[in-house]
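Structure record follows, encoded as structure tokens.
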Amino acid sequence: MPFPKLLFVLLLVSSHLTALATAPAPRTPPITRIDPTFWWVGMKNPQLQLLVHGPGIASSQVQLATYEGVTLDGFQKLESPNYLLVNLTISPTARPGKLKLEFKGAKKATYEYELRQRTTPGDKTKVQGISSADFIYLLMPDRFANGDPSNDVVKGNRAPGLARDSMYARHGGDLRGIEQHFDYLKDLGVTAIWPTPVVDNNMPRTGYHGYALTDYYQVDPHYGTNEDYVRFVQRAHQQGFKVIHDVVLNHIGSYHYLWLDQPAKDWFHQWPQFTRGNYRNGTVNDPHGAAQDRTLFSTTWFDTTMPDLAQENPLVATYLIQNFLWWVEYTGLDGYRVDTYTYSDPGFLMQWGQAILAEYPQLGMFGETWMQETEGVAQQAFWTRNVFPPVGGFKSNLPGAIDFILRQALLESLTKPTGYAEGVAKLYYAVQGDWMYEDASRNVIFLDNHDVDRVFSVLGEDVRKQKMALAWLLTERGIPQLYYGTEVLMKNFSRPDGLLREDFPGGWATDPKNAFTAAGRTPAQQDMHAYVRKLANYRKTHPVLQTGQLTHFIPEDGVYTYFRHDAQGRAVLVMLNCNATAKTVSLQRFAERLQGYTSAQDVLTDAVVPNLQTANVPAYTALVWELR
């Protein structure tokens, strides 16, 4: 190459490098997000704490442009330079609009923060609550039905696509898929829908289950958008359904931005290395318990990918309380199911429950208070509103529990011989323990869910026993919950968990069978579906099974009898024969509840029972009689 041309090239390269060296670096937005993402005027609590996140934002000073009814109470730095807390008071006179927050200093920015008008007060279609009049259908959105293939692949996600042949991958179910089967649920007799968590779980593995959230304020994009969820709740309400929002207080996913860029070390319980807890909630109220055992229950991580929140930190508590107020106001949802309720800090649980119910006293709430049979009714009742005095300063304000003790007793009734306190006697004593609750009718009763063996498998795939269990579920006190697919004999055991969470047959266009339709069910599936449908719809139209008083009799010869009755003279007799042989039962023993009644109608067969002298009950069968 001639020298002049070479010199020209060298000068050109040098000039380009100089330009790169002096060019400004790509600008990083000073504010990446603010939580809560927006708020409302007219909330009962006028205080609002904003968590501002952005690189180096802590070096800024905050000013609030004049906004009538809103004052800036100050701002607070945290351990991380990337966070700033901004405290506001929103008076009752404030109106909807956009606040102008100015951040001045090394990082300069202006942020318009939106205040919206509340819509829940006075709107009877929103925040309707959950009661014993409801029949809950629990489903996993990812495994129920795929109604919108456009969200099957989410670019940029740590697990962007689907693999229906893997029990740990996403399968593609979504909110739209649930909506497309509202008619199926309504026909079945369902009144409330409980999806497992719908918030973002952007995890590289098993994000489908929803319990390792990575964003408190976003719906998982595999299910839809935030706006899709709002519409889902609205459409559910229009169809006569309530919506239960599954929430996780105790922990987050390890890819949550609050963990990846921690506001401060004291926002989490941190151990030198992963330390698995003892899973013993009894350590919280054990008067003789060792502090070490209590610590190993309440401050360890639930699992390796689930950092444990330090809810005793008042800043963490405020962040969480505001988020769960936000979802109620934003969507109008009707109830909260609280995951791993007992694992949270007891003081925080009292504060959280008080704050949520003060703002939304009609909101339904029940918690996962997972108990083993040996822990007993008293331990379960401790975590709900109960008759006990405070223990260690804790007095639960949770309206109801997921009744694990009653479930275990029912299953023992159908799998073990009856003794003085064994078999069906265990069920009697579990119900007898209702005196410990403020109101046991607020407990959610169930046969199976997404964490335990499916009931059909537990009962040895015995259709008689499953029908008997379902009859109990839909006539017992409390709020009945059905796990998706139980009505069409879905089965499997809980290890590994993915086996419990198979796709509902027919939820995908390519499925060879469609159990959402009568034509797509086997004769056995259709028979079970019809059984649930008949009893659930009977319950739906007969208040005595929703709110009637319960009177039960000590089991005799493996037969357990109870009545639901009310002041209007309505009554239903239920008799569970937990034996492998038929039984003829004299009804004279139940005279105190049969006075004034001369006949009955069998709710399940429609047959008339002309007199109330004896009942012939086949093996492993439940009689459900409406008394006349």
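Along the sequence shown, the residues carry numbers beginning at 1.
Here the closest heavy-atom approach between residue Q117 and residue P96 is recorded as OE1-CG, 3.4 Å.
Between F38 and W40, the gap from one ring centroid to the other is short of 6.0 Å. In this structure, F241 has its ring center at least 6.0 angstrom away from the ring center of Y137. A distance of 6.0 Å or more separates the ring centres of F302 and Y211. Aromatic ring centroids of Y229 and H245 lie under 6.0 Å apart.
The residue from D334, T331, T120, T119 that alone fulfils the side chain to side chain donor-acceptor pair (under 3.5 Å) condition with K126 is T119. Y257 pairs with exactly one of N202, T32, D35 by the side chain to side chain donor-acceptor pair (under 3.5 Å) rule, that one being D35. Results of the side-chain contact (heavy atoms from CB on, under 4.5 Å) test with F366 over I244, V338, L398 single out I244 as the only residue that passes.
Between the side chain of D434 and the backbone N or O of A440, no donor-acceptor pair lies under 3.5 Å.
No more than 12 heavy atoms of other residues, nucleotides or ligands shown are found within 6.0 angstrom of NZ on K98. Open room surrounds CD on Q354; 12 or fewer heavy atoms of other groups in view lie less than 6.0 Å from it. Sparse packing is recorded around CZ of R95, with 12 or fewer heavy atoms of other residues, nucleotides or ligands lying under 6.0 Å away. Around atom CZ of R294, more than 12 heavy atoms belonging to other residues, nucleotides or ligands sit under 6.0 Å away. Enclosure of atom OH in Y255 is not indicated, since only 12 or fewer non-hydrogen atoms of other residues, nucleotides or ligands lie within 6.0 angstrom.
Taking the six-membered ring for Trp and thresholds of 30 and 60 degrees, Y483 and H450 have ring planes inclined between 30 and 60 degrees apart.
Checked for salt-bridge contact, R407 and E412 miss the test: no charged N lies under 4.0 Å from a carboxylate O. The existence of a salt bridge linking R477 and D403 is confirmed by a sub-4.0 Å separation between a basic side-chain nitrogen and an acidic carboxylate oxygen. A salt bridge does not link D123 with R118: none of the charged nitrogens is closer than 4.0 Å to a carboxylate oxygen. Note on R33 versus D215: salt bridge recorded, some NZ/NE/NH1/NH2 to OD/OE distance being below 4.0 Å. Between D134 and K242 there is a salt bridge, with a side-chain nitrogen of the basic residue lying less than 4.0 Å from a carboxylate oxygen of the acidic one. We find that E368 and R337 are joined by a salt bridge, their nearest charged nitrogen and carboxylate oxygen being less than 4.0 Å apart.
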